[in-house]
Amino acid sequence: MSNRYEENKLIVFNTLSRKKELFVPLNIPHIGMYVCGPTVYGDAHLGHARAAITFDLIFRYLQHLDYKVRYVRNITDVGHLENDADEGEDKIAQKARLEELEPMEVVQYYTVRYHRNMDQLNVLRPSIEPHASGHIIEQIEMIKKILTAGFAYEINGSVYFDVEKYNRSHHYGILSGRKIEDLISNTRELAGQSEKRNGYDFAIWKRADESHIMRWPSPWSDGFPGWHMECSAMGCKYLGDQFDIHGGGMDLLFPHHESEIAQSTVANGKAPVRYWLHNNMITLNGQKMGKSLGNAMSLDDIFSGNHPLLEKSYSPMTIRFFILQAQYRSTLDFSNEALQAAEKGMKKLFAANETLKQLRIDKNAPSIDVQNIEKACYEAMNDDFNSPMAIASLFEAVRVINSLKANEGSSISPDEFEMLQKLLHYFIFDILGLNSEEGTGDHGLVDGLMQTIIQLRQEARIRKDFTTSDLIRNKLGELHIELKDGKEGTNWQMK
RNA sequence: GGUUUCGUGGCCGAGUGGUUAGGCAGCGGUCUGCAAAACCGUGUACAGCGGUUCGAAUCCGCUCGAAACCUCCA
């Protein structure tokens, strides 16, 4: 049996070349993918959801194409300097002091909450989820290599990456399009950075002062690794010196990923990543949603409807569908109207998937051209994971299904029925990763009860006892159960 | 200021140089006890101004507007 990746030419937009390129893995059928995960010092918000869902979609699709994917997504629990903290205190440590907790207590708390949110969004767990704090040794070893290679210098127990020297033999800016001359004039002089030779040099090891509570011993000082070391070290450890895909949000492009390339390149002698993929931001009134901007909406807020900007609550799957309705490289603008549109559209998609099961099957049924729809779905995904286009094609299938259902005497051939059922299953559940959120309890029991209720209402209607039939419909409506009367009986759906 | 993007019909959002994106909302019709659902039909959208072209929303230039990054950030 052939593998799907042989018949699907996958094209991805590589930030490195700013072009769409044919995706060719280093070691077919294996793929290594590293994605920058969250810094666990606060609750996950919509932006985290977009990054996670984007690369979940990619992970799922690569697997669907029969690739064997090792997906590494880190937990950042150390090393990020607070912007306005002169003493260089990192985010986790600061949060810990504020709440009088152990740093690892903060990490644990928010990691658990992050996982819960991701599970709600039906985001698959990565193959490996390494913590930066668990890889201090690997980071120290890598720093040693960089020092040995001569691309870093030590001052007062801190180690800095020598960007200027690196740029003489390599191109610092290869990913972000920046030129070092521009960096010189644009780097802000922050306090506490005066020990660097150049403003654009970055710390790969930082000496901790007395008050800094997260610290580790190293050959240079008691301190902590620099901002970008963890991804270089962990990516290398689990995926090798060079691997296929590195993902993350566009806001990480510079300096994070640019610096990662520089570090790994000098430590390992080769560029670490073949394809750089970046998801765009979610905006609110045209502005990036971000924790530091104070306009972030936590996922829990959205799921509960507990936020002044929310007209109602939105389910995790609504959020997932909303995000998948935009291509990952476009900004996506948040609004109640857009979310409600997504919610309705998704319900329609699920309903049609159920309706499919009720279609009349007939060997002699005319073709409905399922093959074309299938082709369009795969072509969309093969073109840089264009989920909105794939979804548009699925709605083509929805129209066909509903239209067959609406026209008495219409039927579908067994072959096409099977093909369509498989197609919908693949795309809705396996690739887009949606689930219907229904039947948390005993589905069989609920369905049985509903059939009885529907039958009683039907009998009332036949008696023209519309008082009773409307009462049933209204009471069920209060329970968010919607009855849908059709030519061949009544269906029900959670709304 | 530098780097990188973007500007599509009421809203969200795809898009190949010439053919319907799609969803939601709206309008007309069918169906229905009524409604909902569903189906059928329906929208002269591509910031502005030039240019290239037989033909451009799609290529080029300029203007206007917006965003991200240059500091932690998905």
Side-chain angles (χ1 to χ4, degrees), chain A residues 15 18 35-39 41-42 44-55 76 79-85 90-91 173 176-179 181-183 185-188 190 200 227 247-256 258 278-283 286-293 296 321-322 325-327 329-349 351-352 355 376 380 386-396 398-399 401-407 461 464 466 469-470 473 477 482-487 490-491 493 495:
Chain A
T15 309
R18 296 189 191 283
V35 174
C36 289
T39 306
Y41 69 108
H45 58 70
L46 213 46
H48 293 99
R50 187 169 202 195
I53 288 168
T54 294
F55 291 100
T76 296
H80 283 243
L81 296 170
E82 194 67 21
N83 57 344
D84 54 357
D90 78 37
K91 283 195 161 167
S176 58
R178 281 174 168 73
K179 296 189 193 75
E181 307 87 72
D182 300 329
L183 291 171
S185 53
N186 288 316
T187 305
R188 298 182 199 180
L190 295 171
Y200 44 76
W227 316 330
M250 272 185 190
D251 50 355
L252 298 177
L253 220 148
F254 189 91
H256 186 55
E258 191 71 62
H278 289 96
N279 65 277
N280 214 322
M281 303 291 103
I282 286 188
T283 57
Q287 271 232 318
K288 174 185 170 181
M289 191 180 282
K291 194 175 165 65
S292 48
L293 297 168
F321 191 76
F322 170 67
Q325 265 192 314
Q327 213 272 348
R329 286 189 293 112
S330 306
T331 55
L332 172 59
D333 202 49
F334 168 92
S335 71
N336 280 282
E337 219 176 341
L339 245 31
Q340 280 161 34
E343 184 175 47
K344 286 198 179 179
M346 184 179 65
K347 294 233 156 107
K348 189 172 168 180
L349 181 59
T355 304
N386 197 326
S387 51
M389 259 179 78
I391 289 171
S393 295
L394 292 179
F395 276 109
E396 180 69 18
V398 168
R399 211 200 71 240
I401 290 167
N402 286 334
S403 155
L404 286 175
K405 172 78 177 167
N407 293 314
R461 291 174 74 198
K464 301 224 186 293
F466 298 123
S469 67
D470 287 352
R473 186 170 67 196
E482 181 180 35
L483 293 181
K484 298 196 285 192
D485 294 329
K487 282 211 164 65
T490 301
N491 289 309
Q493 185 184 6
K495 63 179 177 191

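Sequence lines set the chain letters: A, B, ... in the order given, protein chains first and strands last, and positions in each chain run from 1.
Per the geometry, CG belonging to N279(A) stands 20 Å off P belonging to A67(B), to the nearest Å. Taking atom NZ of residue K344(A) and atom P of nucleotide A36(B), one finds them 11 Å apart after rounding to whole Å. Whole-Å rounding puts the F254(A) CZ to C72(B) P distance at 10 Å. Regarding D251(A), its CG atom lies at a distance of 10 Å from the C1' atom of C72(B), rounded to whole Å. In this structure, K348(A) atom NZ and A25(B) atom C1' are separated by 12 Å, rounded to whole Å. Between the CG atom of L394(A) and the C1' atom of A21(B) there is a distance of 13 Å, given to the nearest Å. Distance CG (L293(A)) to C1' (C69(B)): 12 Å, rounded to an integer number of Å. Rounded to an integer number of Å, the gap from K288(A) NZ to C70(B) P is 7 Å.
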Give me, pair by pair, the N or O atoms of the protein and of nucleotides 33-35 of chain B that are less than 3.5 Å apart, along with how far apart they are.
| unit_1 | atom_1 | unit_2 | atom_2 | d |
| --- | --- | --- | --- | --- |
| G33(B) | O6 | R461(A) | NE | 3.4 |
| G33(B) | O6 | S469(A) | OG | 3.4 |
| G33(B) | N1 | D470(A) | OD1 | 3.0 |
| G33(B) | N2 | D470(A) | OD2 | 2.9 |
| C34(B) | O2 | R473(A) | NH2 | 3.1 |
| C34(B) | N3 | R473(A) | NH1 | 3.0 |
| C34(B) | N3 | R473(A) | NH2 | 3.4 |
| C34(B) | N4 | R473(A) | NH1 | 3.4 |
| A35(B) | N6 | D485(A) | OD2 | 2.6 |
| A35(B) | N1 | R473(A) | NH1 | 3.1 |
| A35(B) | N1 | D485(A) | OD2 | 3.4 |
| A35(B) | N3 | R473(A) | NH1 | 2.9 |

Atom pairs under 3.5 Å, N or O on each side, protein against nucleotides 5-12 of chain B: can you list them with distances?
none

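In terms of heavy-atom proximity, F322(A) sits nearest to D333(A) at CZ-O, 3.6 Å. Minimum heavy-atom separation, M289(A) to A296(A): CG-CA, 3.4 Å. Nearest heavy-atom pair across F55(A) and G247(A) is CZ-CA, 3.4 Å. Of all heavy-atom pairs between L293(A) and K288(A), the closest is CD1-O, 3.1 Å. A352(A) and I401(A) get closest at one heavy-atom pair: O-CG2, 3.6 Å. Shortest non-hydrogen contact noted between A376(A) and S393(A) is CB-OG, 3.3 Å.
Nucleotides U4(B) and A56(B), compared at atom C1', are 25 Å apart to the nearest Å. Between the C1' atoms of C24(B) and A14(B), the separation comes to 15 Å (whole Å). Rounded to whole Å, the P atom of G9(B) lies 8 Å from the corresponding atom of C46(B). Remark: the separation of the P atoms in C27(B) and U3(B) is 50 Å, to the nearest Å. Rounded to the nearest Å, the gap between the C1' atom of G26(B) and that of G61(B) is 40 Å. G23(B) sits 28 Å from G65(B) when the C1' atoms are compared, rounded to a whole Å. Comparing A66(B) with C54(B), their P atoms are spaced 38 Å from each other, to the whole Å. Rounded to the nearest Å, the gap between the C1' atom of A47(B) and that of U58(B) is 15 Å.
Within the 4.0 angstrom heavy-atom criterion, no nucleotide atom of any strand lies near G486(A). Across all strands, G249(A) comes closer than 4.0 Å only to sugar-phosphate atoms, never to a base (heavy-atom distances). Among the protein residues, K405(A) comes within range of no part of the nucleic acid, since none of its heavy atoms lies under 4.0 Å from any strand. Across all strands shown, H278(A) has no heavy atoms under 4.0 Å from either base or sugar-phosphate atoms. Nucleic acid contact for Q340(A): none, since no nucleic acid atom lies under 4.0 Å from a heavy atom of the residue. When heavy atoms are screened at a 4.0 angstrom cut-off, L253(A) is found touching no nucleic acid atom at all. Residue contacts shown for M346(A) are absent, as no nucleic acid heavy atom lies under 4.0 Å away. Base engagement by M281(A) is indicated by at least one non-hydrogen atom pair under 4.0 Å involving a base atom. Nucleic acid contact for A392(A): base, since at least one base atom lies under 4.0 Å from a heavy atom of the residue.
The base of C39(B) lies outside donor-acceptor range of the side chain of R399(A), with no N or O pair under 3.5 Å.
Side-chain contact check for T15(A) versus R18(A): some heavy-atom pair is nearer than 4.5 Å. T39(A) places none of its side-chain heavy atoms less than 4.5 Å from the side chain of K291(A). Using a 4.5 Å heavy-atom cutoff, the side chains of Q493(A) and K347(A) are in contact. Looking at N386(A) and P388(A), their side chains come closer than 4.5 Å, going by heavy atoms from C-beta outward.
Checked against A14(B), C70(B), A38(B), the side chain of S330(A) finds its nearest nucleotide in A14(B). Checking A68(B), C40(B), A14(B) against the side-chain heavy atoms of Q327(A) singles out A14(B) as nearest. Nearest nucleotide to the side chain of R178(A), out of C24(B), C69(B), A74(B): C69(B). The nucleotide whose nearest atom lies closest to any side-chain atom of F395(A) is, among G22(B), G13(B), A74(B), G22(B). For P388(A), whose side chain is taken as the heavy atoms from C-beta onward, the closest listed nucleotide among C70(B), A67(B), A14(B) is A14(B). Distance from the side chain of A51(A) is smallest for A74(B) among the nucleotides A74(B), U3(B), A37(B).
Within the shown strands, U3(B) is the pairing partner of A68(B) under the Watson-Crick or G-U definition, both distances less than 3.5 Å. Across every strand in view, C24(B) sits in a pair with G10(B) that passes the Watson-Crick or G-U test at under 3.5 angstrom. Pairing of A38(B), defined by two Watson-Crick or G-U wobble distances under 3.5 Å, is identified with U30(B). Of all nucleotides present, none satisfies the Watson-Crick or G-U wobble test against U53(B) with each distance under 3.5 Å. Searching all strands for a Watson-Crick or G-U wobble partner of C62(B) with both distances below 3.5 Å returns G48(B).
Here N402(A) reaches the OP1 or OP2 of C39(B): one of its side-chain N or O atoms lies under 4.0 Å away.
The side chain to side chain contact (heavy atoms under 4.5 Å, CB included) check on T331(A) picks up N280(A), T283(A), with sequence neighbours excluded.
For the pair A342(A) and L252(A), both in contact range of RNA chain B, the more 5′-proximal nearest nucleotide belongs to A342(A).
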